[in-house]
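Here's the structure we're looking at; comments come further down.
These numbers come from a predicted model, not from an experiment. Residue numbering restarts at 1 for every chain, and letters A, B, ... go by the order of the sequence lines.
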There are 2 protein chains.
Amino acid sequence: MSLPHAVLTSLLEKSTSGYDLARRFDKSIGYFWHATHQQIYRELARMEAAGWVEGLVPPDAGKTRKKHYRVLPAGRAELARWAAEPTAPMDLRDAFTVKLRADAVLDEVDLSAELARHLALHEERLAQYRAIQQRDFPPVQARTRPEALQYMILKKGMLYEEGEIAWGREMLALLRA
Amino acid sequence: MSLPHAVLTSLLEKSTSGYDLARRFDKSIGYFWHATHQQIYRELARMEAAGWVEGLVPPDAGKTRKKHYRVLPAGRAELARWAAEPTAPMDLRDAFTVKLRADAVLDEVDLSAELARHLALHEERLAQYRAIQQRDFPPVQARTRPEALQYMILKKGMLYEEGEIAWGREMLALLRA
DNA sequence: TGCTCCATGTAACACGTTACATGATTGC
DNA sequence: GCAATCATGTAACGTGTTACATGGAGCA
């Protein structure tokens, strides 16, 4: 399980509130590790109990309940420990592919509209990635090591979306034929 | 949720026992929808209670407990119903990518050995896919519709592995630099 | 005899999802 | 004044994971 470690990573990138973290998990880090706001609040409570993070309502906060979380040394150590242990490669659970197999055995389903919808979503996400690339990254030579790593993560996302799009277009042509 | 539908699909492709189904979910359909044998036994029991499948110990079975499952009309109808409803695109939960982000903020981790291990796994799986392609598929012109769909599923898997491998090689060079 | 694999399952628990609750703040 | 959004949470439930149990079959 890695949700707490994804949260630690995101908090180290920038400390913030549970609410803002949850929004980050709807984009950014969420493109590689999805989680809902309830999961995040639950993990933050656990990690605070474990001494990995600390959540404080700033003294100048007035009536707002907004808590600011930051990673404690024990949390940083835990993240380093986890990063060094082996991981299984990602398991896929792709419902659309199962539907294609169902189509192949049933032969009474039309998946073309659904595929067209997915295709549009992938194209939109690829466009977002490209915008981030333009906005946030200096040319190759000028990149620091962290920037180079983050660029490669973005590139992985772009490769994935490009693959989905290329495959989706070919598949759509076949379904419509 | 789609596990029962993945099981129905696999059973329609070929009726069999829970044990053999579990093994299929360790390869074949399992490359797109992963599940353990406990999940499969649980789902089979539920689906039998719902009248979607029927499990019988063949009369000539002797002492073996092996049950043969087959899909009933209600199960087929349920699969068709599910296939026609919209699906969310796959959520990713890629621990290795999170580790890269952790590396970028911690700068005290060496992920190169782990990446090399993953790369080898992806290369192995790609080789498996290519062997299946050679073994099971006639040339493009001679394919039936089900064959064409199954080929596209395999192709999706190959595209994915090729992307992982290309990205992994570039990433490995960067980590070792 | 002991080992591995076949075959099905129970139990406990952790994780993920969905629905709902509460109250403050911002914008029209 | 009202609606939407901010911000945090509780509760219930369903799915996924891990550990263990049981007994037969094949084989050295």
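Out of C:dA7, C:dT18, D:dT18, the shortest distance to the side chain of A:Q38 is found at C:dT18. In the set C:dT8, C:dT17, D:dA7, the nucleotide with an atom closest to the side chain of A:Q39 is C:dT17. With distances taken from any side-chain atom of A:T36 to the nucleotides C:dT17, C:dA7, D:dT17, the minimum falls on C:dT17.
The hydrophobic clustering, which links ILVMFWY residues whose side-chain heavy atoms are closer than 4.5 Å, places B:M171 and B:L106 together.
For the pair B:K99 and A:W82, the distance from NZ or CZ to the six-membered ring centre is under 6.0 Å and the angle to the ring normal is within 45 degrees. Note that A:R143 lies in the cation-pi zone of A:Y151, set by a 6.0 Å cut-off to the ring centre and a 45° limit from the axis.
Within the structure, a side-chain polar atom (N or O) of A:Y41 is placed less than 4.0 Å from OP1 or OP2 of D:dT8. Between A:Y19 and D:dT8, a side-chain N or O to OP1/OP2 separation shorter than 4.0 Å is absent.
Ring planes of B:F32 and B:Y129: parallel class, angle under 30° (limits at 30 and 60°).
We find that CG of A:L44 is positioned 11 Å from C1' of D:dT8, with the value rounded to whole Å. In this structure, CD of A:E43 is placed 10 Å from C1' of C:dA14, rounded to the nearest angstrom. For A:R23 and D:dT5, the CZ to C1' distance is 9 Å, given to the nearest whole Å. Atom-to-atom, CG of A:D20 to C1' of D:dT5 comes out at 13 Å; the value is rounded to the nearest Å. Spacing between atom CG of B:L3 and atom P of C:dT17 amounts to 15 Å, rounded to whole angstrom units. In this structure, the CG atom of B:D26 is 14 Å from the P atom of C:dC5, given to the nearest Å. Distance, A:H34 NE2 to C:dC15 P: 17 Å, rounded to whole Å. If you take NZ of A:K66 and P of D:dC6, they are 10 Å apart, rounded to a whole angstrom.
Counting heavy atoms from C-beta on, the side chains of A:E164 and A:L119 never come closer than 4.5 Å.
Where B:K67 and A:R65 each meet DNA chain C at their nearest nucleotide, the meeting point lying more 5' is that of B:K67. If you find the closest nucleotide of DNA chain C to B:R93 and to B:Y69, the one lying nearer the 5' end belongs to B:Y69.
Between the side chain of B:R42 and the base of D:dG16, a donor-acceptor pair under 3.5 Å is found.
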